[in-house]
Protein chains: 2
Amino acid sequence: MSKSVTLKEVAAKAGVSYQTVSKVVNNKASVSPETEKRIWGVIAELNYTPNYNGRSLRRQRSNTIGYTWEPSPADQANPILDAFLQSMFRAAEEEGYYLLCFPFHADDVRMLKVYHQLYNTGRVDGFILSRLNYGEASVPFLLENKIPFVAFGRLEDQDQSFPYIDVDGGQGVAQAMDHLVSLGHRSIAALAWPEDSRVGNNRLEGYFRGLAKAGLMSDPNLIVRGEGTSAVGFEATTYLLGLPADIRPTAIVCMNDMMAIGAMQAVRTAGLQPGRDIGVTGFDDTPTARYLTPPLTSISQPIPAIGENLMRRFIEYLETGSYPEPRCELVAPNLEIRESTAGYVPAKGRS
Amino acid sequence: MSKSVTLKEVAAKAGVSYQTVSKVVNNKASVSPETEKRIWGVIAELNYTPNYNGRSLRRQRSNTIGYTWEPSPADQANPILDAFLQSMFRAAEEEGYYLLCFPFHADDVRMLKVYHQLYNTGRVDGFILSRLNYGEASVPFLLENKIPFVAFGRLEDQDQSFPYIDVDGGQGVAQAMDHLVSLGHRSIAALAWPEDSRVGNNRLEGYFRGLAKAGLMSDPNLIVRGEGTSAVGFEATTYLLGLPADIRPTAIVCMNDMMAIGAMQAVRTAGLQPGRDIGVTGFDDTPTARYLTPPLTSISQPIPAIGENLMRRFIEYLETGSYPEPRCELVAPNLEIRESTAGYVPAKGRS
DNA sequence: TCTCTCTAAGCGAACGTTCGCCTTAAGCAT
DNA sequence: ATGCTTAAGGCGAACGTTCGCTTAGAGAGA
């Protein structure tokens with residue numbers, strides 16, 4: 001921190017009391033135009049910037065929002081981190097807010113302690129949560145302690161107990177299903193996440209919706225669950241390709257891009273060509289998706305818009321005390337069609 | 001911000017003056033063991049946490065470090081962001097510091113204004129910079145205004161005017177070269193970045209070192225420059241593969257993974273197999289590198305160690321006023337050998 | 001002329017700390 | 001007894017703001 005210019009110095013130079021300078025800085029009227037102009041002049045001349053700690057102490061708000069997230073394992077990238085962070089602090093800056101990043105702890109007790117600490121020490125005015133999952137400890141904790149927060153993601157479909165913006169993952173997968181069906185696929189498998197993943201279940205739901213819409217039966221053999229890694233994608237796909245010809249899928253819908261990468265590798269390993277022989281779709285539209293061989297059809301989320309919106313609405317809540325409607329919002333993802341689902345020719349006799 | 005417990009409340013309950021409580025909290029001795037124990041008891045009971053704004057105001061330091069970075073274009077991921085951020089704020093937390101993230105502005109004037117503002121308002125005690133490039137405006141600005149900072153990256157090879165940790169990219173590429181030479185490659189091309197990129201030039205230098213060490217001549221035809229995108233990698237490689245047989249390269253060293261992805265695609269498009277026919281190496285060891293077809297040999301940087309170190313040393317500087325030796329550090333990256341450089345069989349008659 | 005209203009600006013206090021100095025009492029050697 | 005040292009803790013002030021109340025003076029209306 002620097003020894004910087006204070007209100008008093010500005011006041012002395014402008015020949016007014018320092019409180020008057022404060023009024024000018026905060027646009028609190030009742031200052032004559034000439035005085036105001038003179039004060040602004042001195043402010044510019046001395047390059048005065050209001051001290052944020054003094055201000056926060058007095059105002060009892062820090063204009064800072066806290067955010068943490070679970071680190072990705074070394075072999076996996078967080079596909080949305082950069083865009084999400086950028087969109088948030090860009091929106092925040094415009095309102096005079098900043099983003100404080102702090103460590104994630106897998107241990108709930110420790111994590112809650114950190115939330116509590118950051119809020120009670122006055123470092124942050126509230127939090128932005130992301131990647132909520134069933135039984136998320138932070139949500140009830142924050143609600144109970146009246147610590148303001150908004151979330152990117154939700155817990156239960158009908159829950160409105162806190163403001164959030166979430167992506168309708170099911171809708172995205174349903175788009176992928178429609179696309180595959182329109183290409184002629186009739187036997188479509190799903191690589192899903194473990195059942196305890198809220199996001200995974202939300203996405204998978206679109207698979208069922210897609211089947212239903214096309215009038216296809218769902219076959220338990222065609223749904224394989226596992227962690228969202230390419231290793232799981234590889235194994236699951238190897239299994240699927242080994243199924244008897246009458247139920248063997250011609251397309252595989254994956255709940256994220258990593259699984260899709262593994263799936264495409266397995267397809268190739270089996271001597272088939274992804275896209276032409278077996279359609280594969282991912283989810284997340286990871287930047288590398290378009291550079292895979294073949295480029296991967298995937299589902300992209302409007303991350304920058306979500307981050308910006310979330311931040312703006314949260315700040316409005318912090319300043320006015322009421323969260324703008326709609327409190328909870330579901331946004332549609334977008335299907336990016338690439339070659340991993342192109343060129344499929346239905347085998348005759350099928351369908 | 002919350003209405004939380006203050007020193008005075010603790011003091012009242014413990015029957016001492018609030019200044020004494022402050023002493024206990026800050027371990028400033030001259031308090032009897034019994035009193036101290038009693039005070040700690042009350043602190044625990046009331047769940048007291050010292051107000052950070054009051055403390056910062058008085059101490060004239062915010063225990064907050066600022067960081068910003070250039071956002072990645074939508075079709076490219078920042079391969080190190082997550083790990084770098086996590087390592088930094090994890091180290092920071094242990095020392096009672098936090099990381100403030102703020103927007104990057106391409107416009108120098110605006111960017112410098114933000115640095116100035118954040119520092120002069122007392123929001124941050126200093127900055128961490130990354131991805132320095134020639135003519136970086138921030139460095140002279142911060143030096144001149146005596147605003148503390150450290151950098152991940154350097155400007156000139158001999159410059160010691162500010163503390164930094166940098167990766168010796170040249171050393172990494174040299175490792176790749178050694179590896180390729182040991183496999184029998186004698187004609188090796190380089191996909192380099194534009195000449196105005198400091199990081200790019202640093203990496204490319206390892207290419208020349210590698211050639212020299214193997215006693216190979218450098219051929220200007222085999223060095224192609226362009227932005228570090230897969231499109232450039234594709235085009236450059238297509239050009240290289242079209243060269244006359246006597247100078248056509250058998251291996252391509254790329255200055256980042258994106259170029260390598262494009263290169264491998266071009267190799268395949270030419271009817272050749274990356275790894276077997278043409279060796280390809282990348283740089284960054286992007287998480288997806290190992291999931292490409294074939295898995296990409298790449299150079300990984302010890303990002304978590306760098307982030308942690310940088311933060312710890314910076315905080316030590318902020319607290320003691322002197323930066324620990326060595327002020328400037330160069331760390332070695334690590335070559336991750338995968339199939340994109342495996343299985344090469346030198347054509348007879350060559351070499 | 002008197003009062004009433006309104007505007008411009010001043011003033012004291014408070015936000016929650018930490019810092020440095022002061023006071024008190026006890027301990028101890030002379 | 002006296003004086004010196006030390007430990008334990010109190011006290012006033014300050015960090016830089018903002019808030020709300022007060023005041024001086026100008027102008028208007030009766």
Side-chain angles (χ1 to χ4, degrees), chain A residues 1-40 42-43 46-64 96 117 119-123 125 319, chain B residues 1-40 42-43 46-64 96 117 119-123 125 319:
Chain A
M1 254 177 73
S2 70
K3 198 79 203 159
S4 46
V5 185
T6 71
L7 276 183
K8 298 195 183 182
E9 302 176 46
V10 174
K13 190 143 191 169
V16 292
S17 74
Y18 64 93
Q19 293 94 335
T20 302
V21 179
S22 170
K23 280 181 191 161
V24 168
V25 171
N26 295 290
N27 296 317
K28 296 257 179 179
S30 91
V31 176
S32 73
E34 314 93 77
T35 317
E36 175 161 0
K37 195 171 172 191
R38 183 169 30 124
I39 291 179
W40 278 119
V42 177
I43 287 176
L46 298 184
N47 207 355
Y48 166 77
T49 48
N51 178 290
Y52 148 86
N53 292 301
R55 174 177 284 182
S56 293
L57 178 59
R58 180 64 235 228
R59 283 201 191 153
Q60 298 288 75
R61 54 193 4 252
S62 63
N63 284 34
T64 307
Q117 194 105 341
Y119 185 69
N120 274 286
T121 55
R123 262 187 194 273
D125 294 336
E319 309 229 306
Chain B
M1 254 178 70
S2 70
K3 199 79 201 158
S4 45
V5 185
T6 72
L7 276 184
K8 298 195 186 187
E9 301 176 48
V10 174
K13 191 143 190 170
V16 292
S17 75
Y18 64 94
Q19 293 95 333
T20 303
V21 178
S22 171
K23 281 180 191 164
V24 168
V25 170
N26 295 290
N27 296 315
K28 296 258 181 182
S30 92
V31 176
S32 73
E34 314 91 79
T35 316
E36 176 162 359
K37 194 170 171 193
R38 186 174 29 144
I39 292 179
W40 279 119
V42 177
I43 287 175
L46 297 184
N47 208 354
Y48 166 76
T49 48
N51 179 288
Y52 149 87
N53 292 301
R55 171 177 286 182
S56 293
L57 178 58
R58 180 63 235 231
R59 284 202 190 153
Q60 297 289 77
R61 52 193 7 250
S62 63
N63 285 32
T64 308
Q117 195 106 341
Y119 185 68
N120 274 286
T121 53
R123 261 186 195 272
D125 295 334
E319 308 230 305

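When reading the values below, keep in mind they use all heavy atoms of this one structure, side chains included, and skip hydrogens, waters and symmetry mates. Source: prediction; values computed, not measured.
- Nucleic acid contact class of A:Y18 (heavy atoms, under 4.0 Å, all strands): base.
- In this structure, the side chain of B:S56 engages the main chain of B:R61 through a donor-acceptor pair within 3.5 Å.
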Every protein N/O lying under 3.5 Å from an N/O of nucleotides 20-27 of chain C:
none

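- A:Q117 pairs by the side-chain hydrogen bond (donor to acceptor under 3.5 Å, both in side chains) definition with nothing, not counting sequence neighbours.
- Between the CD atom in B:Q60 and the CG atom in A:N51 there is a gap of 7.0 Å [rounded to 0.5 Å].
- The side chain of A:R59 places an N or O atom within less than 4.0 Å of a non-bridging phosphate oxygen (OP1 or OP2) of D:dT18.
- In this structure, the NZ atom of B:K37 is 16 Å from the P atom of D:dA8, given to the nearest Å.
- Under 3.5 Å, the side chain of B:R58 and the base of C:dT18 form at least one donor-acceptor pair of N or O atoms.
- Contact between the side-chain N/O atoms of B:Q60 and the OP1/OP2 oxygens of C:dT18 is not found at any separation under 4.0 Å.
- For residues 48-57 of chain A, no pair satisfies salt bridge (charged side-chain N to carboxylate O under 4.0 Å, His left out), with sequence neighbours left out.
- Rounded to a whole Å, the CD atom of B:E9 is 14 Å from the C1' atom of C:dT17.
- Note that CG of A:N120 is 7.0 Å distant from CG of B:N47, once rounded to the nearest 0.5 Å.
- The side chain of A:T6 approaches D:dT17 more closely than any other nucleotide in the set D:dT17, C:dT18, C:dG10.
- Phosphate proximity of D:dA8 to B:T35: absent, as no side-chain N or O sits under 4.0 Å from OP1 or OP2.
- Between B:G54 and B:P33, it is B:P33 whose nearest contact on DNA chain D lies nearer the 5' terminus.
- Rounded to 10 degrees, the angle separating the terminal axes of the helix from C:dT1-D:dA30 to C:dT30-D:dA1 is 60°, with each axis obtained from five end pairs.
- With sequence neighbours left out, B:K28 forms a side chain to side chain contact (heavy atoms under 4.5 Å, CB included) with B:K23, B:N26.
- At distances below 3.5 Å, at least one donor-acceptor pair connects side-chain atoms of A:D125 with backbone N or O atoms of A:S62.
- Counting to the nearest Å, the C1' atom of C:dT18 and the NZ atom of B:K28 are 8 Å from each other.
- Residue B:Y52 has no polar side-chain atom (N or O) positioned under 4.0 Å from OP1 or OP2 of C:dT18.
- Atom CG of A:N53 is separated from atom C1' of D:dT18 by 15 Å (rounded to the nearest Å).
- For C:dA9, the OP1/OP2 oxygens have no side-chain nitrogen or oxygen of A:T20 closer than 4.0 Å.
- Counting to the nearest Å, the P atom of D:dG10 and the CG atom of B:L7 are 13 Å from each other.
- Residues passing the side-chain hydrogen bond (donor to acceptor under 3.5 Å, both in side chains) test with B:T64 are A:R123, B:Y52, sequence neighbours excluded.
- When rounded to the nearest whole Å, the span between CG of A:L57 and P of D:dC15 equals 14 Å.
- If you check every strand for non-hydrogen atoms under 4.0 Å, B:S22 touches a base.
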Tabulate below the donor-acceptor pairs under 3.5 Å that side-chain atoms of residues 5-12 of chain A make, not counting sequence neighbours, or state none.
| residue | atom | partner | partner atom | Å |
| --- | --- | --- | --- | --- |
| A:T6 | OG1 | A:K8 | N | 3.3 |
| A:T6 | OG1 | A:E9 | N | 3.4 |
| A:E9 | OE2 | A:T6 | N | 3.4 |

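- Using a 4.5 Å cut-off on side-chain heavy atoms (C-beta onward), A:V25 and A:S22 make no contact.
- Between B:R55 and the phosphate of C:dT18, there is a side-chain N or O to OP1/OP2 separation shorter than 4.0 Å.
- Atom CG of A:N51 and atom C1' of D:dT18 are 13 Å apart (whole Å).
- Between A:N26 and D:dT18, a side-chain N or O to OP1/OP2 separation shorter than 4.0 Å is present.
- In this structure, A:N120 places its CG atom 11 Å from P of C:dT17, rounding to the nearest Å.
- Identified under the salt bridge (charged side-chain N to carboxylate O under 4.0 Å, His left out) test for residues 30-39 of chain A, with sequence neighbours left out: none.
- Residue B:K8 places its side chain closer to C:dT17 than to any other of D:dG16, C:dT17, C:dT18.
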